[in-house]
There are 2 protein chains.
Amino acid sequence: MARGSTRPTSRDVARAAGVSQAAVSLVLGDKWRGRVAETTAERVREAALELGYRPNLAARNLRLGHTRTVLLVVPALTTEFFAGVYTGAARVAAEHGFGVVLYPSPEGIGPARDPFHSAQAALDGVLASSMAADALTAIRGDQLPLVMLDSDPRGSLGAATVNLDIADGVRQITDHLLGLGHRHFLHLAADIPSWTFAVRAHELTTRLATVPGTAVRTIHAPITIEGAQQATTAALTGPGPHPTALVCDDDKLATGAYKAIRRMGLHIPDDLSVTGLDDLALATAIDPELTTVRLDAELFGERGMQALLAVLDGRTPTKGDIPVQLVVRGSTAPPRTRP
Amino acid sequence: MARGSTRPTSRDVARAAGVSQAAVSLVLGDKWRGRVAETTAERVREAALELGYRPNLAARNLRLGHTRTVLLVVPALTTEFFAGVYTGAARVAAEHGFGVVLYPSPEGIGPARDPFHSAQAALDGVLASSMAADALTAIRGDQLPLVMLDSDPRGSLGAATVNLDIADGVRQITDHLLGLGHRHFLHLAADIPSWTFAVRAHELTTRLATVPGTAVRTIHAPITIEGAQQATTAALTGPGPHPTALVCDDDKLATGAYKAIRRMGLHIPDDLSVTGLDDLALATAIDPELTTVRLDAELFGERGMQALLAVLDGRTPTKGDIPVQLVVRGSTAPPRTRP
DNA sequence: CGGGCGACGTTATACGTAACACTTCCGGCG
DNA sequence: CGCCGGAAGTGTTACGTATAACGTCGCCCG
């Protein structure tokens, strides 16, 4: 980990390349046309790459007096609406060389005053969802302390992980459906190669493998209402035996499935039992209300942050998955006919 | 605006208070017990307040070598789930003197690589939703260039505004319902004192005032499914004439109203027409699909950012509200009986 | 043949803050 | 009377970067 070694500065790069710090600044700042020889510039770039040099943005901002960064204040994160606002704003900003930082105005507690403290400068550490895995390559570029959320404990690059006990949630769902008498399952899975979804599939299939006479078929869909609807329609109108229970990877997928099932003139739960996972507000907005597994998102966030603070402090984060709870509602019932 | 005047530094405060810069740092850093006299400390604090001094965090971070700021990487903003994660993380972080900055990993385009550029240092400007009005007092504390989203063009402290043409959207809804034959309206309004909601109420009532024989009653509810459900239930079970059309301030409120109406055994749209505003994914997830007004959130974000960039550039942002579009779906129909 | 200019760099400085090391003043104590 | 120690500050430096100002050297042109 090289805990004690400090980050290389432009002067270190200069020493390594045998030039002055100013030359490094010119080359890396792309201001060297006609000021530095091509061969020298190349030497500097090599040295920078070699040392893994990253400019200290605090210093740069101090020197420059500006940051090309803008703050977007939004009422809360719950609204899809402001997600779109962010996307559009970030796109335009990026085209102009600006970055956007989000400040969700506090709902309830939170850092009430001084949003600017929140929106400051370089980072001491990173808390990352495994679903944002593509961004992690960039993150590994820096040597920042990292804690992963809902990620494979083995194979997280040595980073600490904080996980919800998703496996137990899936076990609870499966046992609930088995107890009702279901034997033919359809698994509506997210088409994202993330550990948190892999766990769902693994747990469902291994659990069912212990019960004779069961069958499960898996279909994949993007995590959108439309995507789930299409996938469900395709699966249910095809040939083969009809499932009596539909296990969805999350509540949003379940909502899409609801639409597909409704369009086909079928009834939930009489013709088909449906389960979700998350327990979003959505789960009780749809009819019938969804049987799902409640994840305590706030606790998850708290535990994640505590782990990161521990790492920053040189301590070892406490282990232990966060428990989850099955919530039975109107979308599950015994199958109408025994096959 | 004092465009040219630069921000006061700790040395300016020192000069004004007749002490050294070091003393200012001690006093404002709360490290002065036994090092500076109480009367002197008070003089420094007064001078700082007088000049509106704010420490330059880029300089502080450079000096300190850390930022007490942490990055939370989330898959996207659309999920309520990660809103909870943020809330919990931000609470714990605040308790430890840490701030949290959000980096929503890009969906589609966006600033793909280098999230750290996005998460950098102090701010050049602010883009603020009027719904986050409470945070604005803090924002006005600094002299940052500001652009307001969906805010009263008059009375925004001289800041530029970028607005959706909400008034026209409400007009389209009202005309649609009037055209179907509705005369008795119920208005389910958000209980937030924000301009964007005030516009809805104003436009609905003034439009109906021009049509003889119409009546409208307004009830307020928090923007949650539960809150809307309770308010709707209370309004519909009370005495008085029954409305045939329910106009909701947004799609989420409409979803809560759906639940209330369903629980009462009434049918949409036969017994009651319902409208929303936003056109979230939610609007087509519920049954029947919701007649609502589509807001182009991304365009809104783009226009807002363009305006802010213009201000930063010393230019005057282009004026003009962003058009919106009525989307008619299954939740509206002619009233069953003419009163 | 001299001087100027372009190529190729370097030296020095400033951004605003925090903190270490140092000075001065004064009261008290042996 | 001498000196010690705490209170009340001040002088100075360093954090890492970008850039303006300044050399140096060879070559070409008048």
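The figures here come from the full heavy-atom set of this structure, side chains too, leaving out hydrogens, waters and symmetry mates. Numbers restart at 1 for each chain; the letters A, B, ... are given by sequence-line order, proteins then strands.
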What pairs meet the side chain to side chain donor-acceptor pair (under 3.5 Å) rule with one or both residues in residues 30-39 of chain B, with sequence neighbours excluded?
-> B:Glu38-B:Arg45
Say whether, by atom type as modelled, one donor and one acceptor occur between the side chain of B:Arg43 and the main chain of B:Ala17 under 3.5 angstrom.
-> yes
Please state how far atom CG in A:Leu26 lies from atom P in D:dA21, giving the value in whole angstrom units.
-> 15 Å
Polar pairs (N or O, both sides) under 3.5 Å between protein and nucleotides 14-17 of chain C?
residue	atom	partner	partner atom	Å
C:dT17	OP1	B:Tyr53	OH	2.4
C:dT17	OP1	B:Asn56	N	3.1
C:dT17	OP2	B:Ser10	N	2.5
C:dT17	OP2	B:Ser10	OG	2.7

Check each residue of residues 36-44 of chain A for a non-hydrogen atom within less than 4.0 Å of any atom in DNA chain C, then write out the ones that pass by number, or none.
-> A:Ala37, A:Thr40
Is any side-chain heavy atom of B:Asp152 less than 4.5 Å from a side-chain heavy atom of B:Thr161?
-> no
In whole angstrom, give the distance that lies between atom CG of B:Asn61 and atom C1' of D:dA14.
-> 16 Å
Who passes side chain to side chain donor-acceptor pair (under 3.5 Å) against A:Ser25, sequence neighbours left out?
-> none
B:Trp32 CH2 - C:dC20 C1' separation (whole Å) = 21 Å
Please tell me if the side chains of A:Thr9 and A:Asn56 come closer than 4.5 Å, counting only heavy atoms from C-beta onward.
-> no
Which residue, B:Ala23 or A:Arg35, contacts DNA chain D at a nucleotide closer to its 5' end, judged by nearest heavy atom?
-> B:Ala23
Answer yes or no: is there a donor N or O on one side and an acceptor on the other, between the side chain of B:Arg303 and the main chain of B:Gly320, under 3.5 Å?
-> yes
Atom NZ of A:Lys31 to atom P of C:dT10: distance rounded to whole Å?
-> 19 Å
Under the salt bridge (charged side-chain N to carboxylate O under 4.0 Å, His left out) test, which residues partner A:Arg15, sequence neighbours left out?
-> A:Asp12
May I ask you to say what B:Val24 touches in the nucleic acid, namely base, sugar-phosphate or nothing, with a heavy-atom cut-off under 4.0 Å?
-> nothing
Sequence neighbours left out, what passes side-chain contact (heavy atoms from CB on, under 4.5 Å) with A:Leu64? Give chain and number order.
-> A:Arg60, A:His66
